Student: 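Following this message is one structure expressed as structure tokens.
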There are 2 protein chains.
Amino acid sequence: MDKLICPKFEKAMGLLSQRWTGLILYQLLSGPQRFCTIESSVGVSGRVLSERLKDLENEGIIKREVFPETPVRIEYSLTDKGLALEPLMKELEKWSQNWLEA
Amino acid sequence: MDKLICPKFEKAMGLLSQRWTGLILYQLLSGPQRFCTIESSVGVSGRVLSERLKDLENEGIIKREVFPETPVRIEYSLTDKGLALEPLMKELEKWSQNWLEA
DNA sequence: TAAACTTACTTACATAATGTAACTAACTAA
DNA sequence: TTAGTTAGTTACATTATGTAAGTAAGTTTA
């Protein structure tokens, strides 16, 4: 009777169910951003943000680029795989506007 | 510089970011179901399932109905608010099919 | 020259969330 | 009377997260 749910779907939901991951990806939809920007706009601690960014990079959903300026600039951005989440995010925007109160 | 994200969107993402919540709702898209069915198909423990169902009921996303049969049957089903998540779930299905490996 | 500043982290520790397994309530069947 | 059912709850161990301080590499300031 177990496991009727598609493993790929389960994995996808598992990714988004990690606390902060969804908001981090949503934030990156508006363009490449650096660590401290994500940290303050999303409201996630550096400790967890660091963990999430590594996971997302390992999943191929975001990429990390180093610009050796002064001080060093490191930008995180969505890969094609990450950008492909946009329609889903738009649906969540719609749902939240239609069904949630402020 | 903080908090550029819409509070409604944040709340919606907060709901789906609770572990198991997304899968529970996805499972209920296929129709009303009882506690033990959700428990085994989703793979969540009774302890957490109980907690999630209460939260979702409080949010008006699911409803709980008691049928005084023998033994008692209790069914959980989506409200209109819950059903409205279907397009989002379809997008996640698509994404997972297109971008994830088994 | 040394103290202070910047970003991008990491570490240590406390608290909160989840997993596991046993237990309860209400009722029926054997 | 004993056992079985569903729908939970409880106690306790483990894991995840929050908080705050610390680190590394480099630059600017005093």
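Quick note on labels: first sequence line is chain A, next is B, and so on, each numbered from 1. Computed from a predicted model, the values in this text were never measured in an experiment.
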Student: Specify the residue among Q18(A) and V72(B) whose closest nucleotide of DNA chain D lies further upstream toward the 5′ end.
Tutor: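 Result: V72(B).
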
Student: Which is true for Y76(A) with a 4.0 Å heavy-atom rule: it touches a base, it touches only sugar-phosphate, or it touches nothing?
Tutor: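 Sugar-phosphate, backbone atoms only, no base.
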
Student: Any base atoms under 4.0 Å from R34(A), or only sugar-phosphate, or nothing? Heavy atoms, all strands.
Tutor: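 Sugar-phosphate, backbone atoms only, no base.
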
Student: Please compare R64(B) and W20(A) by the position of their nearest nucleotide in DNA chain D and report the one closer to 5'.
Tutor: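 Taking each residue's closest nucleotide, the earlier one in sequence belongs to R64(B).
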
Student: Rounded to whole Å, please give me the gap between CD in Q33(A) and P in dA8(C).
Tutor: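 After rounding, the gap between these two atoms is 12 Å.
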
Student: How close or far is atom P of dT6(D) from atom CG of L53(B), stated in whole angstroms?
Tutor: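 Atom CG in L53(B) sits about 17 Å away from atom P in dT6(D).
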
Student: Nearest of dA20(D), dC9(C), dG19(C) to any side-chain atom of V48(B)?
Tutor: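 Selected nucleotide (nearest to the side chain): dG19(C).
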
Student: Whom does dA30(C) pair with, Watson-Crick or G-U wobble, provided both distances fall under 3.5 Å?
Tutor: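 Its partner is dT1(D) (Watson-Crick or G-U wobble, both distances under 3.5 Å).
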
Student: Which nucleotide sits closest to the side chain of S45(A): dG8(D), dG18(D), dC9(C)?
Tutor: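 Per side-chain heavy atoms of S45(A), the pick is dG18(D).
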
Student: Nearest whole Å is fine: how far is dG18(D) C1' from E39(A) CD?
Tutor: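 To the nearest whole Å, that distance equals 12 Å.
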
Student: With a 4.0 Å cutoff (strictly under), does any side-chain N or O of K54(B) reach OP1 or OP2 of dA7(D)?
Tutor: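 Answer no for this pair, as no side-chain N or O of K54(B) is under 4.0 Å from OP1 or OP2.
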
Student: How would you label the contact of R19(A) with the nucleic acid (heavy atoms, under 4.0 Å): base, sugar-phosphate, or nothing?
Tutor: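 R19(A): backbone/sugar contact only, no base atoms under 4.0 Å.
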
Student: Taking the side chain as every heavy atom from C-beta outward, state whether I61(B) and L15(B) have any pair of such atoms under 4.5 Å apart.
Tutor: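 Contact flag for I61(B)/L15(B) side chains = yes.
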
Student: Within the 4.5 Å heavy-atom criterion, are Y76(A) and I24(A) side-chain neighbours or not?
Tutor: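 A side-chain contact under 4.5 Å is absent here.
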
Student: Rounded at 0.5 Å granularity, tell me how far CD in E86(A) sits from CG in L25(A).
Tutor: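 Answer rounded to 0.5 Å: 12.0 Å.
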
Student: C36(B) side chain: which of dA8(C), dA7(D), dT18(C) is closest?
Tutor: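 In terms of side-chain proximity for C36(B), the closest of dA8(C), dA7(D), dT18(C) is dA7(D).
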
Student: Among dT18(C), dT10(C), dA7(D), which nucleotide has an atom closest to any side-chain atom of R47(B)?
Tutor: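 Nearest to the side-chain atoms of R47(B), counting from C-beta on, is dT18(C).
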
Student: Starting at CD1 of I24(B) and ending at P of dT18(C), how long is that distance when rounded to a whole Å?
Tutor: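 The answer, rounded to whole Å, is 10 Å.
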
Student: For F35(A) and dA24(D), what is the distance between atoms CZ and P respectively, to the nearest whole Å?
Tutor: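 Between P of dA24(D) and CZ of F35(A): 17 Å.
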
Student: How long is the line joining CG of L49(A) and P of dT10(C), in whole Å?
Tutor: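 Checked: the CG to P distance equals 10 Å.
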
Student: For the pair made of CD in E51(B) and P in dA17(C), what is the distance, rounded to whole Å?
Tutor: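 Rounded to whole Å, this separation is 8 Å.
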
Student: Let me know the distance between CD1 of I74(A) and P of dA25(D), rounded to the nearest Å.
Tutor: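 Whole-Å distance recorded here is 13 Å.
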
Student: Between W20(A) and L49(A), is any pair of side-chain heavy atoms under 4.5 Å apart?
Tutor: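 No, every pair of side-chain atoms sits at 4.5 Å or beyond.
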
Student: Answer with base, sugar-phosphate or nothing: what part of the nucleic acid does T70(B) contact at a heavy-atom distance below 4.0 Å?
Tutor: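 T70(B): backbone/sugar contact only, no base atoms under 4.0 Å.
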
Student: Looking at E57(B), R52(B), K54(B), which hits side-chain contact (heavy atoms from CB on, under 4.5 Å) with I62(B)?
Tutor: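 Of E57(B), R52(B), K54(B), side-chain contact (heavy atoms from CB on, under 4.5 Å) with I62(B) is met by E57(B) alone.
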
